[in-house]
Number of protein chains: 2
Amino acid sequence: MKISTKGRYALRLMLDLALHDNDAPVRIKDIAARQDISDKYLEQIISSLNKAGYVKSIRGPQGGYKLAKDPSGYTVGMILRLTEGSLAPVACLDDEVNQCDRQETCATLKLWQQLDDAIKSVVDTVTLADLVEWQEEKIDNYVI
Amino acid sequence: MKISTKGRYALRLMLDLALHDNDAPVRIKDIAARQDISDKYLEQIISSLNKAGYVKSIRGPQGGYKLAKDPSGYTVGMILRLTEGSLAPVACLDDEVNQCDRQETCATLKLWQQLDDAIKSVVDTVTLADLVEWQEEKIDNYVI
DNA sequence: TATTATACTACTATTTTACTAGGAATTGCA
DNA sequence: TGCAATTCCTAGTAAAATAGTAGTATAATA
């Protein structure tokens with residue numbers, strides 16, 4: 001029941017983009033350095049975000065990436081589902097293909113549905129804008 | 001972010017024990033047949049439940065397993081954590097060893113805490129007795 | 001046209017998952 | 001007392017997922 005590095009890195013990547021959103025696009029190399037993540041791995045992750053239209057890419061010198069829309073336009077769930085796949089705790093909630101034949105009389109199914117709802121209530125509510133806000137709060141309060 | 005078979009099977013196993021809780025202990029073989037799960041695999045799973053004192057075992061002929069206490073005494077979280085390990089969505093919530101050095105200024109940490117709370121609010125609230133109840137409701141309503 | 005950046009594809013070591021296999025220990029019953 | 005039924009214990013293993021690395025192609029800019 002762990003979120004993988006892919007999902008976690010994707011969130012930090014998008015947050016980094018949101019925090020450095022001025023005119024100039026942000027290079028993978030810079031995100032990788034700031035977030036201390038392999039740039040080659042980030043490249044793969046951002047590639048799927050790019051294909052989904054979550055970020056815009058600019059190639060060549062002075063190139064990089066920018067968010068496609070305002071941070072408030074992304075929920076955490078959107079980003080995680082794109083990189084992690086489904087966030088449902090069991091496969092039978094994903095799609096009909098994975099439903100088992102005990103469906104009708106399965107008591108644990110109700111449990112999984114409740115758990116799924118609880119997860120959704122967080123990931124589909126919190127947006128990238130919230131993360132930006134929280135980040136700024138944390139930085140303000142953080143004194144060495 | 002999936003619950004593994006180990007955790008799912010453990011829940012069904014415990015539910016099966018709760019549903020067949022009369023004087024006679026329940027054999028692994030019977031649970032395996034009813035739940036359509038490999039009995040050798042169930043054996044391993046119930047072994048950890050036994051070591052944790054969640055079930056009592058009786059060896060020899062007419063042996064088997066029984067719940068150690070009333071179904072209301074087990075939360076789903078207890079059973080899942082024993083078999084799955086931690087249910088926290090990221091390792092840095094598990095223990096201090098896994099905390100990263102960004103902890104102080106990490107905005108996603110707040111997200112993971114909220115997600116963790118949401119998960120806990122379900123798994124630490126629902127008990128095996130609830131599953132029994134749901135099961136009975138389902139069976140009552142299920143007409144072929 | 002050299003340089004800087006993204007884009008794409010393939011490969012790989014490690015870990016986790018989901019079991020299977022085989023035998024040892026215990027106990028009830030004939 | 002011995003056999004059969006059951007749990008107990010340990011090891012092995014195929015397949016999938018995870019977390020990357022590596023190399024080259026493509027595009028844009030100065």
Side-chain angles (χ1 to χ4, degrees), chain A residues 1-13 17 24-33 35-68 80 83-87 89-91 94 98 100, chain B residues 1-13 17 23-33 35-66 68 80 83-87 89-91 94 98 100:
Chain A
M1 269 287 279
K2 288 279 183 286
I3 299 282
S4 74
T5 54
K6 231 170 185 169
R8 288 187 284 119
Y9 291 174
L11 272 186
R12 284 165 58 188
L13 189 167
L17 281 182
V26 183
R27 292 181 305 171
I28 279 193
K29 205 167 67 168
D30 293 332
I31 303 176
Q35 300 294 327
D36 198 30
I37 298 173
S38 143
D39 54 346
K40 276 297 195 181
Y41 196 26
L42 270 189
E43 203 177 289
Q44 282 179 28
I45 294 168
I46 210 167
S47 155
S48 54
L49 292 165
N50 188 22
K51 277 170 187 158
Y54 289 11
V55 299
K56 290 179 292 194
S57 72
I58 298 105
R59 299 177 71 161
Q62 277 73 52
Y65 295 91
K66 294 177 74 63
L67 289 184
L80 289 181
T83 45
E84 288 273 309
S86 154
L87 297 178
V90 291
D94 284 340
N98 290 308
C100 74
Chain B
M1 269 289 281
K2 289 278 184 285
I3 298 282
S4 74
T5 54
K6 229 171 187 170
R8 288 187 283 119
Y9 292 174
L11 272 186
R12 283 165 58 188
L13 189 167
L17 280 182
D23 281 351
V26 183
R27 291 181 306 170
I28 278 193
K29 206 168 65 169
D30 293 333
I31 304 177
Q35 300 295 327
D36 197 31
I37 299 173
S38 144
D39 55 345
K40 276 296 193 181
Y41 196 26
L42 270 190
E43 205 177 287
Q44 283 177 26
I45 293 168
I46 210 167
S47 156
S48 54
L49 292 165
N50 190 21
K51 277 171 189 160
Y54 289 11
V55 299
K56 288 180 292 193
S57 72
I58 298 103
R59 301 177 73 163
Q62 278 73 53
Y65 295 91
K66 294 178 73 64
L80 289 181
T83 45
E84 288 273 308
S86 155
L87 297 178
V90 289
D94 283 342
N98 290 308
C100 74

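Letters A, B, ... are given to chains in the order of the sequence lines, protein chains preceding strands, and every chain is numbered from 1.
A/Ile46 comes within 4.0 angstrom of no nucleic acid atom, judged by non-hydrogen atoms across all strands.
Atom-to-atom, NZ of B/Lys40 to C1' of D/dA14 comes out at 19 Å; the value is rounded to the nearest Å. Atom pair B/Ile37:CD1 and C/dA18:P shows a separation of 12 Å (rounding to whole Å applied).
Side-chain atoms of A/Glu43 lie closest to C/dA7 of the nucleotides C/dT27, C/dA7, D/dA19. Of the candidates D/dT7, C/dA10, C/dA18, C/dA10 carries the atom nearest the A/Gln44 side chain, counting heavy atoms from C-beta on. Taking the side chain of B/Asn50 as heavy atoms from C-beta on, and the options D/dA22, D/dG23, D/dC8, the nearest nucleotide is D/dC8. With C/dA7, D/dT6, C/dC19 as the candidates, the nucleotide lying closest to the side chain of B/Arg27 is D/dT6. In the set C/dC19, D/dT29, C/dA7, the nucleotide with an atom closest to the side chain of A/Gln62 is D/dT29. With C/dA5, D/dA19, D/dC8 as the choices, the nucleotide that has an atom nearest any side-chain atom of A/Lys29 turns out to be C/dA5.
Residue side chain B/Arg59 reaches the base of C/dA25 through a donor-acceptor N/O pair under 3.5 Å, judged by distance alone.
Between B/Ser4 and C/dT16, a side-chain N or O to OP1/OP2 separation shorter than 4.0 Å is absent.
Remark: side-chain polar atoms of A/Lys66 are not paired, donor with acceptor, to backbone N or O of A/Leu17 under 3.5 angstrom.
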